[in-house]
Number of protein chains: 4
Amino acid sequence: MPPKPGRAALQERYDRRQAEVVLGAARVFARRGYDQTSVPQLAEELGIAAGGLYHYFGGKEQLLIAICDQLMDPLLTEAQALLAEGGTAEEQLRALVRSWVAHVVEHRDHMLVFQQERHVIDHGRQWAQVRERRKRFERLVEGLLRRIADDGAARLPDARLTLSALLGMVNHTAQWYRPRGRLDVAAIADGYVDLVVG
Amino acid sequence: MPPKPGRAALQERYDRRQAEVVLGAARVFARRGYDQTSVPQLAEELGIAAGGLYHYFGGKEQLLIAICDQLMDPLLTEAQALLAEGGTAEEQLRALVRSWVAHVVEHRDHMLVFQQERHVIDHGRQWAQVRERRKRFERLVEGLLRRIADDGAARLPDARLTLSALLGMVNHTAQWYRPRGRLDVAAIADGYVDLVVG
Amino acid sequence: MPPKPGRAALQERYDRRQAEVVLGAARVFARRGYDQTSVPQLAEELGIAAGGLYHYFGGKEQLLIAICDQLMDPLLTEAQALLAEGGTAEEQLRALVRSWVAHVVEHRDHMLVFQQERHVIDHGRQWAQVRERRKRFERLVEGLLRRIADDGAARLPDARLTLSALLGMVNHTAQWYRPRGRLDVAAIADGYVDLVVG
Amino acid sequence: MPPKPGRAALQERYDRRQAEVVLGAARVFARRGYDQTSVPQLAEELGIAAGGLYHYFGGKEQLLIAICDQLMDPLLTEAQALLAEGGTAEEQLRALVRSWVAHVVEHRDHMLVFQQERHVIDHGRQWAQVRERRKRFERLVEGLLRRIADDGAARLPDARLTLSALLGMVNHTAQWYRPRGRLDVAAIADGYVDLVVG
DNA sequence: TATGAATGAGCCTTCATTCAT
DNA sequence: CATGAATGAAGGCTCATTCAT
């Protein structure tokens, strides 16, 4: 008889399983749509009984929130780390966009869900924190673009417009990127930056 | 006593009402989400009884298709007209993007629904025609970008990547544009083109 | 310009159309089922607009009642006439069953509807008259069977049971009779009587 | 503490409950009519929530099919067993009709539903199996009647017509039989057979 | 921890019916 | 006399969720 796992080990197994569920849910939701996927359907694809999901999540919407957190948290963390490292604004932008595109590409499913459910995120009561992180990330990028514009280096037509354009193109990447495509992540990111900084 | 309306007049009234319903539905769906809006809710916002909608549409999904058609049809038509008018590739691109941005901005609700429901459009059986029009439009833009690249005028990193970027930024406009904002449609469109053609 | 039809002519046309509708409805209901046939469907098969039916009938159930009346009224009338004509009980039974089978066969659709909707007829408030006519007819047949039994002619096991058997076999005819089948109406009727009277 | 039920026990409980539901549904449908009974109404009479029914049946029509199966399966099985036992054709017929009448009487509700919904059974796509069993049973009876006719014992007017008559009278029994009536099942069955074989 | 049964609410849709035209 | 538009109610069914086991 194996030794009874301790409390910590149990917690770890629980967390691992929870993260797996979030990942799987993102995959399923991205394909079928969040609303069009019923909890029983989702459970079946995850190889679990419908009721079993409720051990890991209070409900369907909390699962959606978890997906968005799993998407936004590391992105924001990494962006802040990059900005702390120093370098010119353009160097920082290039590094940031590379990291960002990589993140988008690795979390394509999360991104697709995120975009699908924009109207919930924008208006929902419980979504304030997700909105706030998105806002924080956008401000980071905006700050960089302003620094570049101020450096005079660029003929940026308008920092806000450029920000919007960049957001649009990078996030849109989730919708067309295919793993073994012609361009790798770095090439894509550099292409975007080249467009933006001329 | 007014003259009894003829068959043609009846048809016209029917069509007008139908178009109104599509427009209204786009507005409601954009705000609340397609799936989260029940048919009774939609009907109430349109000032019609729930069952009455079914005189104009076979079902909820057909309504969604109609929204996408109302979005794509005139855009494609106008794009084709512009390309037929002649001019350099860059001039044509500038004109096309202006028209495109204007369309996106005027049909913001349609665009938001379109993006929300991407997974249905991409996979659904009945969505082939919508997919095909989207593809056709993208090819039009791609052709222009290739012509520009071939003219040597531009340091386009990659025509396909540029296309994706442009699609991303223009379509994303629907998510942040506000009617009386700082930038008008022409400024936005020109900003985008400037990014792309350097 | 043809002369304006008089009130009587109008009434006649109305009645003719009404009878046509009853006939057509019986046909459609027999095939599809009364409940499974929606009023629009019925109207379409009759070549009339849905609302138009309501010029001839107060509602769907009244149409069903009319079908049953069109079935029962002439049957009862004819049975009474036959009994008034004299003859031995067995002769009268033979004549009655011939007339009855002929009626069932000619009104197959009515019969099928009648049997389908037995539970409504048995319990419904407005169905008392139909029930009463059915009862009256059954009593006529029962009387004949008793007279035959009393004549000692027959080894009828039990007049009531024989009545039930006869009702069962004759009414069931509607379910298998086909117009150009092997047996004609007289042969069928005589076969039934032969079974019953030995 | 009772032992946790195993998989087999669970399955058994499920099957038992399912059979109860079929039985109850037959009762309710016989009284109110299949179409006139809504699923919520049915559920209420069965003491279950509306949605709960769908654990046991895919839909309302499958429930109807189950009712017909519960009616036909044991009847056919028993008939085949009787025929395998040997005896003269007439003895077998008498035994078969007794068993058949007993079955009809015990499954009166099933029979009434079966007859009500004849049009669905006759035409529906999913009803082929039920139709086939009905046909198989009829052929069994027909075979017996032919053997009797060939034995020369009987002045059967026509084997096919006699079959139809027998079907009509036996099945019609469901519509008039009352549990504590004057005649018991054996008397009824024998009465029918006496009519048929003279 | 995980399950299968069960629930109540709500979904999309269709219905029988009415009525202005 | 007939139509097409519209309605309110109800239909069958699925949903997210709970809970005893």
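Lettering of chains follows the sequences in order, A, B, ..., and the numbering in each one begins at 1. Fair warning: this is a prediction, and the values are worked out from it, not measured in the lab.
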> Can you sort out the partners of A/Ala26 under side-chain contact (heavy atoms from CB on, under 4.5 Å), two or more places apart, ordered by chain and number?
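A/Ala26 satisfies side-chain contact (heavy atoms from CB on, under 4.5 Å) with A/Ile67, A/Asp109, A/His110 once adjacent residues are dropped.
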
> Which residue pairs pass the ring pair (Phe, Tyr, Trp, His ring centres under 6.0 Å) test with at least one member in residues 17-40 of chain A, sequence neighbours excluded?
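Residue pairs with at least one partner in residues 17-40 of chain A: A/Phe29-A/Tyr34.
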
> Can you tell me the distance, in whole Å, between the CD atom of B/Gln41 and the P atom of E/dC11?
6 Å

> Test of understanding: with side chain to side chain donor-acceptor pair (under 3.5 Å), list the residues that count as partners of D/Gln126, not counting sequence neighbours.
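For D/Gln126 the side chain to side chain donor-acceptor pair (under 3.5 Å) partners, ignoring immediate neighbours, are D/Glu61.
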
> Tell me every residue that passes side-chain contact (heavy atoms from CB on, under 4.5 Å) with A/Arg131, counting only those two or more places apart in sequence or in another chain.
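By the side-chain contact (heavy atoms from CB on, under 4.5 Å) rule, A/Arg131 matches A/Ile121, A/Trp127, A/Ala128, A/Arg134.
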
> Is there a side-chain polar atom (N or O) of D/Arg17 under 4.0 Å from OP1 or OP2 of E/dG4?
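For E/dG4, neither OP1 nor OP2 has a side-chain N or O of D/Arg17 closer than 4.0 Å.
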
> Of all residues at least two apart in sequence or in a different chain, which pass the side-chain contact (heavy atoms from CB on, under 4.5 Å) check with C/Val39?
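For C/Val39 the side-chain contact (heavy atoms from CB on, under 4.5 Å) partners, ignoring immediate neighbours, are C/Leu53, C/Tyr54, C/Lys60.
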
> Residues in side-chain contact (heavy atoms from CB on, under 4.5 Å) with C/Arg17, at least two apart?
C/Glu20, C/Ile48, C/Tyr56

> Go through residues 57-69 of chain D and report each residue with a non-hydrogen atom lying under 4.0 Å from DNA chain F, sorted by number.
D/Gly59, D/Lys60

> In residues 22-29 of chain C, what residues come within less than 4.0 Å of DNA chain F, judged by heavy atoms?
none

> What residues in residues 30-40 of chain A put a non-hydrogen atom under 4.0 Å from any atom of DNA chain F?
A/Thr37, A/Ser38, A/Val39, A/Pro40

> Which dot-bracket string fits DNA chain F when only Watson-Crick or G-U wobble pairs with both atom distances under 3.5 Å count, crossing pairs get [ ], and | stands for a partner on a different strand?
.||||||||||||||||||||

> With respect to B/His119, which candidate in A/Gln36, A/Arg31, A/Arg32 satisfies the side-chain hydrogen bond (donor to acceptor under 3.5 Å, both in side chains) definition?
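Of the listed options, the one satisfying the test is A/Gln36.
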
> Do any of residues 47-56 of chain C sit with a heavy atom less than 4.0 Å from DNA chain F, and if so which?
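Those residues are C/Ile48, C/Ala49, C/Gly51, C/Gly52, C/His55, C/Tyr56.
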
> Partners of C/Phe114 by ring pair (Phe, Tyr, Trp, His ring centres under 6.0 Å), sequence neighbours excluded?
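C/Phe114: no ring pair (Phe, Tyr, Trp, His ring centres under 6.0 Å) contacts found.
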
